[in-house]
Amino acid sequence: MAPSRGLARLLLRPALSNTAAYLRNVSFARRAYSFAEQLASPANRVQSYISRSSDPFVNLSIEDYILRTSPPDSTVLFLYKNRPCVVIGRNQNPWSEVNLGILQAAAPRSTAVKDTEPPAIGDVHLVRRRSGGGAVFHDEGNLNWSITCPRTEFTRDKHAEMVVRALRKIGIERARVNERHDIVLDQGHEKRPSDPQDTHQTAYTVDEGGPRPLKVSGSAYKLTRGRALHHATTLLASPNLHIIPQYLHSPARKSIQAKGVESVSSPVANIGLDVEMFQKRLQDEFSAMYAHQGKPHIVQVVGEEHLQIPEIRKGYNELKTDDWMWSQTPQFDLVLEGPARSEIKINVHHGIIKTLETKGDSLPDDMLEELQTALVGQKLQDVGNWTQFLQSRIEPWHADYGVIADRLEILLPVPHLGKP
Amino acid sequence: MSREAARFLCRSALVGRAPIAPRTEACTLNVVPRRRWDQRRGFVATHRLKVVKPYILADIGEGITECQVIQWFVKPGARVEQFDPICEVQSDKASVEITSRFDGVIKKLYYEPDDMAKVGKPLVDIDIQSEISEADAAVLDGAAENKSAEAPEKLEPKTQEIEVGRNDTAAFTGEVPAQPAPSLPAEPAQEESQPRKPPGKHASLATPAVRHMIKAANLKIEDIEGTGRDGRVLKDDVQRHTQATKAGAGTPAPQSAPTQQPEDRIQPLTPIQSAMFKKMAISLSIPHFLYTDGVDFTSLNTIRKKYNATREKSQRLTTFPFIIKAVSLALQQYPLLNARLDTQTIPAKPQLVYQGSHNIGIAVDSPTGLIVPVIRNVQALSIEQIAAEIVRLGELARAGKITSADLKDATITLSNIGSIGGGVVAPVIVSPQVAIVGIGRAKTVPAFGKDGELVRKEECTFSWSADHRVVDGATAARCAEVVKGYVEDVESMLVRLR
């Protein structure tokens, strides 16, 4: 996975050369061309971009391209907003982190899923990002910011502090960076003396026992050989705050034992700012922070156009594959209750059911065998509807299998996330 | 086992000695005579057959003691170079790519994906290509500091492990590759002003790849400042050093005080040169055959003078538009020379794409170098229009405003080098075109008229290069003759003009 600099280097200067046929092979729209050129130019030590696309796959692919292509000593800011989607971390388990059943508002619901009517916000897409961390919900009231900088200069707090400074300048004095490097709003009632320059404490910070601070921004990081990417959400004005918990609480959470990162749940809140205004302030704060290194060059990045850049297109395609979404899940065990209080344990690795066992004799042997034959070796992402799937594989059918199919539909659904 | 032996044999061959019989693992290597550093030949024979070392997962920072392995990028047996990624690990919110510090071969992976890898414990076993042990360091490096340090060195248990230095956050101080991109001129001046530190005691320790680089650059390893662990010299150090020494006067001591020699100047390739370099490197694979002939411009010049007499300076025609039109007309009869050789679509079966438009690239001199803007659809343009296009593109080129759209998709190229000079030229075809024409300078020469009398003739040499893989000599020659015919007798073009 060598950094993809080769292509960008070739485009370093506008083609004032004998390159007629050569450029034919690399036919860029001019805009995509100028972005790649600008990004990779070592003269641009401070860069600032903003995305017009609300497609999370496009934005994440552009972000990864920035990480891999920007010059080693440069610092790049990238701002983007996504349409409603749930984004899980690199190594998380979608079944235990996300309520998959309600993602597709219009999908035909199986009778098993009774008491979770999807919130009326339409289809919510599911994305697995490349950085670590937990599951978050994105929508247009949430501004994502990402900063790519040299690894030697990276600390987890550095840019969280920058954002807190920007917030405080607008008057959000309760904002601070907490011990997990997230940004929270203190909820204390009394105002105590506090150093305004200290971004880790506010006048409203309470000790143990007081009201918990509300999280407004969560961060994740990706570190490569020479570069560090820090990206984070910022809940400015999400209209969906009250339904976020529904998406991020999975019915299978207790039934799944997994290796991998679990999300740390925190109560969230909107900061209550206009998104456009905050974007501008954040860009200004970034420019000021890095003014000694250079003046950033603002480029409007549009999603679709930049898919013409092969690396971005490749990253985009990868993020959308079923393999990336489902089979990148680390190994896990699912324990479900079968008919007659039996307990069935399914082990899944690389998205494939590896073993199916039962505890004791609670399940008749022939049933166990049928299930094993039907399911072991099956790739989860190919299943579709569990009831139909099992019915096509198991003869003769009886109601007990139906019970198992229903439980699987609740705990291990595999919604088919078509092209957004 | 035989692999180890084979490697040993190869090394012996490389250093020019007689091949040594394969040894078994049980043999100790004290028998092998040590090589002196000054006799280095690029590869130094190791005096261990197995140099497999455990590669420790270094501190990622933030007090993290373990992290999860997400995916491996290597397998046992895979060859890695310094800076190749080995695996990706994740600790709570950060996913981190771990890269290799050495060149070598991966022997063993200590974890499965999803396992928790412990910081400070081995991550993989890597067979470092010819690592130099501490004992050798004393022989290799003649500096006094070494000899005193040698004894305590042996006591350090750490010498038996190779730590992944400085992979990650916060502690990553020494390894930052400071080289700018090659297309920017290096800034070596600042290196000069810093006093040179004495070489670290392990400055001589380096992987074969690094020592090869040093040898190729005619340097001595002791002179290079090593930023690796314990002063080891890494690839980056060598590159930094070469840039520093070449650009300035701070040469290392062994090179004696320079006499009054004019200094060499290092200049990286400009973007145009880089592009030319790449293009011409591709053209190397094309078998060119050259066909030249003199073309009589007398009649053409007469017609031109007549036309230009009544025109403003800006609207006067040179010979070039006529030639371009003539070539286009000839291409109607010999479309093969306007074809494109496609070796990409089906690599096993190259094919010719006969192109309908005649997009003629004209080589133009611009302040930044030679560029080739394209006049599109010459078959549909009049000579006047062609002339206007030439002027327009020329102005754009001089102003530096040529866009990539103007440079794309030429089907054949005409190079009017004659505007500068030259007789016979051997122009180089630009892939995927199959032909190119070079036009020399028109000279006044004596010739014989139809009755044998001596006449003045203005002659210009047209040099055609064609891709002999697909164009045969006869076709090219006939096309050239047709063009010559049109240019020498402009009226004959008239009957063919559309």
Side-chain angles (χ1 to χ4, degrees), chain A residues 1-2 5 9-25 27-28 30 33 40-43 71-73 89-91 130-134 150-152 154-156 180-182 218-226 228 230 258-261 264 328 330-332 349-350, chain B residues 60 62 68 70-71 73 83-85 88 90-97 99 113-116 167-170 172-173 176-177 180-181 183-184 271-272 274-276 278-279 282 340 344 359 361 363 366 368-372 374 397 400 402-405 407-410 413 430-433:
Chain A
M1 297 217 307
R5 308 226 175 145
R9 283 254 176 80
L10 291 178
L11 305 171
L12 209 53
R13 293 283 180 273
L16 299 174
S17 57
N18 192 2
T19 55
Y22 151 70
L23 271 181
R24 182 220 309 277
N25 296 333
S27 56
F28 282 96
R30 288 239 245 137
Y33 176 70
S41 165
D73 59 354
R90 174 72 178 82
N91 220 24
R130 296 181 195 277
S131 60
R151 193 138 170 213
T152 45
F154 167 72
T155 68
R156 290 193 180 193
R180 283 181 48 83
H181 320 287
D182 295 328
S219 296
Y221 316 92
K222 181 159 170 74
L223 307 171
T224 63
R225 180 170 81 78
H230 174 180
K259 303 184 184 185
V261 169
V264 172
Q328 286 287 317
Q331 194 173 164
F332 68 94
H349 198 185
H350 301 311
Chain B
I60 311 187
E62 296 151 331
Q68 188 174 29
I70 302 183
Q71 60 172 333
F73 300 125
F83 302 148
D84 279 351
E88 191 179 1
Q90 179 171 302
S91 70
D92 72 308
K93 301 204 259 195
S95 77
V96 185
E97 267 183 25
T99 55
D114 305 339
D115 286 345
M116 296 306 283
N167 240 338
D168 304 357
T169 46
F172 197 114
T173 41
V176 180
S183 57
L184 273 191
I272 289 199
S274 293
M276 263 199 326
K278 288 185 179 78
K279 278 266 88 181
I282 298 173
R340 183 176 90 230
Q344 312 283 4
N359 297 334
S366 83
T368 38
L370 184 78
I371 62 173
V372 187
V374 177
I402 289 277
T403 64
S404 53
L407 298 166
K408 281 170 23 159
D409 298 336
T413 305
V430 180
S431 186
Q433 298 166 30

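In what follows, every chain begins at residue 1, and chains take the letters A, B, ... in the order their sequences are listed.
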*Asks:* Between B:Ser95 and A:Ser131, which heavy-atom pair has the shortest distance, and what is it?
*Replies:* OG-CA, 3.8 Å

*Asks:* Side chain, backbone, both or neither: which part of A:His349 has a heavy atom under 4.5 Å from chain B?
*Replies:*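 The side chain, not the backbone.
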
*Asks:* Write down the atom of B:Gln68, the atom of A:Pro330, and the distance for their closest heavy-atom approach.
*Replies:*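 Scanning both residues completely, I find the closest heavy atoms to be NE2-CB, 4.3 Å.
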
*Asks:* Quick one: which of A:His230, A:His350, A:Arg180 has the most heavy-atom pairs under 4.5 Å with chain B, could you say?
*Replies:* A:Arg180

*Asks:* Let me know if A:Arg130 has heavy atoms under 4.5 Å from chain B in its side chain, its backbone, both or neither.
*Replies:* backbone

*Asks:* Who are the salt bridge (charged side-chain N to carboxylate O under 4.0 Å, His left out) partners of A:Asp73, not counting sequence neighbours?
*Replies:*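 With neighbours one apart ignored, the set is A:Arg45.
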
*Asks:* Sort A:Ala220 into side chain, backbone, both or neither according to what part of it lies under 4.5 angstrom from a heavy atom of chain B.
*Replies:* both

*Asks:* Not counting sequence neighbours, which residues clear salt bridge (charged side-chain N to carboxylate O under 4.0 Å, His left out) with A:Arg90? List them please.
*Replies:*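 For A:Arg90, the residues satisfying salt bridge (charged side-chain N to carboxylate O under 4.0 Å, His left out) (neighbours in sequence not counted) are B:Glu88.
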
